[in-house]
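Keep in mind that the numbers below use all heavy atoms, side chains included, and drop hydrogens, waters and symmetry copies. Residue numbers run from 1 in the order of the sequence given.
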Amino acid sequence: MQRRGSPNLFLLLWLLSSTAFGTDAKGVTSASPNDYTSSAPGTPRFGEPVANFTAAVGKTARLSCKVLNSTKFKVAWFHMDRKMLLTIHETVVTRIPRFSVTQDGDDVWTLHITSVNKDDRGQYMCQVNTEPIISQIGYLDVVVPPEILDSSSSTSSVVVQENGNATLSCHATGNPPPHISWVREDQKHITIDKRKKVTRYEGTSLHLRSVTRSDMGAYLCIASNGVPPTVSKRTELSVQFSPTVVVPNQLMSAPLGTSVTLRCRTEAFPKAVTYWRYQGNMIMSNEKYSLTEEQEHYRTTVMLTVNHLTPDDFGQYKCSSRNSFGETADTVQLHELKVQVTEPQREEYIKGTDSREYGVNDVEVYSPRKEESYGEPLPPTDYDSGSVSGGYGGVLGNRDSHPPRNQQGSPGNYGSRGSDGSRSPQNIYSLFGMSAGTCFRSYGVMTALALAPTLLLWPRVLVALYTLDAHR
């Protein structure tokens, strides 16, 4: 059973004497080969070396010492770095309650350390009070997760003027010593200088030269040493500069009675006051004007909507932006957009009651608008006098045999049927809204010139036209 108390004075003086520690030239006590191989009957010896142990802060560490033939002897544990006696046999000497000792069987003595902290790291000696004293050492390594030291690191906010220099620093403790790196929170590149950009910077101090507004943002210092958890600290870099104003469209047009939106984009830090002016007066939101704003970091877009445009609304609008470092402005010229309404082109088409056979009486000419909207009705057609020979179709007739074109613009019945009831070639012209005389008057000269070399073939052409009409 484990006991806590104080050993007698003689035993303490013996254990703490220089001969009891028996240090070597390097100041480290270690077991000699004879301590493991001694064959003298009843003489204590170590069964195996003390295994080193690694524990994280807050966990429990265990160091075991195997001593053979230790029935008549005492086994003690020392913390060499603190020069502190911890236990003697089953008695805990130290006043630190986190230390305890157990005996497993007859020859294994185990030192237990609960809630390990960084001060517990170091060399631990297992010693047997033989003559001479034998001892061996094990090492306890306490790994400590990284911890950033706020006192020696940059504050959470660093402010610098544009084109100036800035330095961000970060220091951390831990075991093993932490590794420090920097990244941007928005995953953008870190601009070290004009020639060097990196996604991650290694080192405790980040030096930025000739910073611009694009360098503005949050930077993360990350400390890691392989012991979880990895820790980080956020530092916001702010770059101060005077406003800049950009108007995407400096010339705009809109019709009367409509609404139009004017846009003004500004960049500034600290944030600028942006406003619109018209005819020297500052514009406020009301039924006539609507003001909206979109914010993105140091960029701001201010939109002005002018409702129900009247002639008094056309002119120059001015967008101004001002902060503690300066003021600037730009303008938009708004013009009236005049809309011209044009009348649709007159269209006529022929409609028949039967697509397979168009009689002259079935032909009508349709117009999308009334005739009087385009002026006076067309005068009657003046046909040339005389007659035209027409092959099998007979004489097409003279000007007296053809009735004038009706006043509604639709063709009359100028054709005739043959003895077999078929249509004459003249009906072909009637289908297209014109008489034979009109056709020959309009195109007679050109047709005559084109057909002069083949004048003998003209009767065959008429026969073909007649035959085609008969089969229809």
Side-chain angles (χ1 to χ4, degrees), residues 52-62 79 81-82 96-99 113-124 139-241 269-271 295-298:
N52 296 332
F53 196 92
T54 300
V57 169
K59 303 299 181 179
T60 299
R62 297 176 182 86
H79 188 191
D81 295 56
R82 292 173 174 169
I96 302 176
R98 298 183 295 107
F99 289 87
I113 310 172
T114 60
S115 301
V116 171
N117 60 45
K118 60 183 180 180
D119 294 332
D120 297 329
R121 182 175 55 246
Q123 295 177 331
Y124 286 79
Y139 188 84
L140 173 62
D141 189 18
V142 179
V143 293
V144 181
E147 180 182 0
I148 295 177
L149 302 175
D150 291 334
S151 59
S152 57
S153 302
S154 298
T155 59
S156 59
S157 179
V158 175
V159 180
V160 63
Q161 292 191 13
E162 196 167 32
N163 297 319
N165 299 330
T167 298
L168 307 181
S169 59
C170 182
H171 298 275
T173 61
N175 184 46
H179 175 77
I180 305 296
S181 60
W182 294 87
V183 296
R184 289 189 60 165
E185 191 176 54
D186 54 11
Q187 303 301 315
K188 293 182 179 179
H189 285 86
I190 299 176
T191 304
I192 305 302
D193 52 41
K194 294 182 178 180
R195 298 181 180 180
K196 184 178 180 181
K197 293 183 178 181
V198 296
T199 56
R200 178 181 291 265
Y201 179 81
E202 311 293 339
T204 57
S205 297
L206 174 61
H207 301 283
L208 304 174
R209 297 178 177 85
S210 300
V211 297
T212 64
R213 63 194 68 180
S214 61
D215 298 320
M216 187 184 304
Y219 291 75
L220 299 178
C221 161
I222 301 175
S224 61
N225 64 352
V227 182
T230 297
V231 294
S232 64
K233 181 179 180 179
R234 184 178 186 271
T235 300
E236 183 77 23
L237 176 64
S238 300
V239 181
Q240 297 177 331
F241 58 95
F269 189 85
K271 182 182 178 181
Q295 182 75 30
E296 183 186 359
H297 203 20
Y298 58 85

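Among residues two or more places apart in sequence or in another chain, the side-chain contact (heavy atoms from CB on, under 4.5 Å) test is passed with E202 by H179, S181, R200. Partners of K271 according to the side chain to side chain donor-acceptor pair (under 3.5 Å) rule, which considers only residues two or more places apart in sequence or in another chain, are E293. In terms of the ring pair (Phe, Tyr, Trp, His ring centres under 6.0 Å) criterion, residue partners of Y298 (sequence neighbours excluded) are, by chain and number, F241. Residues that satisfy the side-chain contact (heavy atoms from CB on, under 4.5 Å) test with T54, not counting sequence neighbours, are D141, V143. In this structure, the side-chain contact (heavy atoms from CB on, under 4.5 Å) partners of T114, at least two apart in sequence or on a different chain, are T60, R98. Annotation: side chain to side chain donor-acceptor pair (under 3.5 Å) contacts of S157 (sequence neighbours excluded): none. Every residue meeting the ring pair (Phe, Tyr, Trp, His ring centres under 6.0 Å) condition with H79, not counting sequence neighbours, appears here in chain and number order: Y124. Evaluation of the side chain to side chain donor-acceptor pair (under 3.5 Å) rule for T155 yields no partner, not counting sequence neighbours.
For the residue pair A56 and V116, the shortest heavy atom distance occurs at O-CB, 4.2 Å. Here the shortest heavy-atom pairing between N225 and G174 reads ND2-C, 4.0 Å. Taking each heavy atom of F269 and S238 in turn, the nearest pair found is CE2-CB, 3.5 Å. The two atoms that bring A223 and I148 nearest to each other are CB-CG1, 4.2 Å, heavy atoms only. Here the closest heavy-atom approach between residue T212 and residue V239 is recorded as O-CG2, 3.6 Å. Heavy-atom minimum distance, T167 versus S154: O-OG, 4.0 Å.
For the atom pair CD1 of I113 and CZ of R62, the computed distance is 10.5 Å after rounding to the nearest 0.5 Å. The SG atom of C170 lies 8.5 Å from the CG atom of L149; values are rounded to the nearest 0.5 Å.
A donor-acceptor pair is defined here as one N or O able to donate and one able to accept, closer than 3.5 Å; no such pair exists between the side chain of R82 and the backbone of G122. For the pair D120 (side chain) and V142 (backbone), a donor-acceptor distance under 3.5 Å is absent. With hydrogens and angles disregarded, no donor-acceptor distance shorter than 3.5 Å links the side chain of N163 to the backbone of S210.
Residues T173 and V144 fail the side-chain proximity criterion, which asks for heavy atoms closer than 4.5 Å. Side-chain contact check for T230 versus P178: every heavy-atom pair is 4.5 Å or farther apart. In this structure the side chain of N175 never reaches within 4.5 angstrom of the side chain of K118, judged on heavy atoms.
Screening residues 215-228 for salt bridge (Lys or Arg N to Asp or Glu O under 4.0 Å), with sequence neighbours left out, gives no hits. Within the structure, salt bridge (Lys or Arg N to Asp or Glu O under 4.0 Å) pairs that include any residue of residues 176-194 comprise R184-D186, E185-R234 (at least two apart or interchain). Applying the salt bridge (Lys or Arg N to Asp or Glu O under 4.0 Å) rule to pairs touching residues 142-161 yields D150-K233, sequence neighbours excluded. The salt bridge (Lys or Arg N to Asp or Glu O under 4.0 Å) pairs that include a residue from residues 157-180 are E162-R213, where partners are two or more places apart or lie in different chains.
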For the pair H189 and T199, evaluate side-chain contact (heavy atoms from CB on, under 4.5 Å) and give the outcome as yes or no after the intermediate values. CA-CA 5 Å; H189 285 86; T199 56; 3.6 Å; yes
Show, in sequence, the C-alpha distance, side-chain angles and deciding distance for R121 and D81, and conclude whether the side-chain contact (heavy atoms from CB on, under 4.5 Å) test is met. CA-CA 8 Å; R121 182 175 55 246; D81 295 56; over 6 Å; no
Could you go through V160 and L208, starting from their C-alpha distance and side-chain angles, then the distance that decides it, and tell me whether this counts as side-chain contact (heavy atoms from CB on, under 4.5 Å)? CA-CA 11 Å; V160 63; L208 304 174; over 6 Å; no
Start with the C-alpha distance between I190 and Y219, add both sets of side-chain angles, then the distance that settles side-chain contact (heavy atoms from CB on, under 4.5 Å), and finish with yes or no. CA-CA 9 Å; I190 299 176; Y219 291 75; 4.2 Å; yes
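Side-chain atoms of S169 and S205 include no donor-acceptor pair closer than 3.5 Å.
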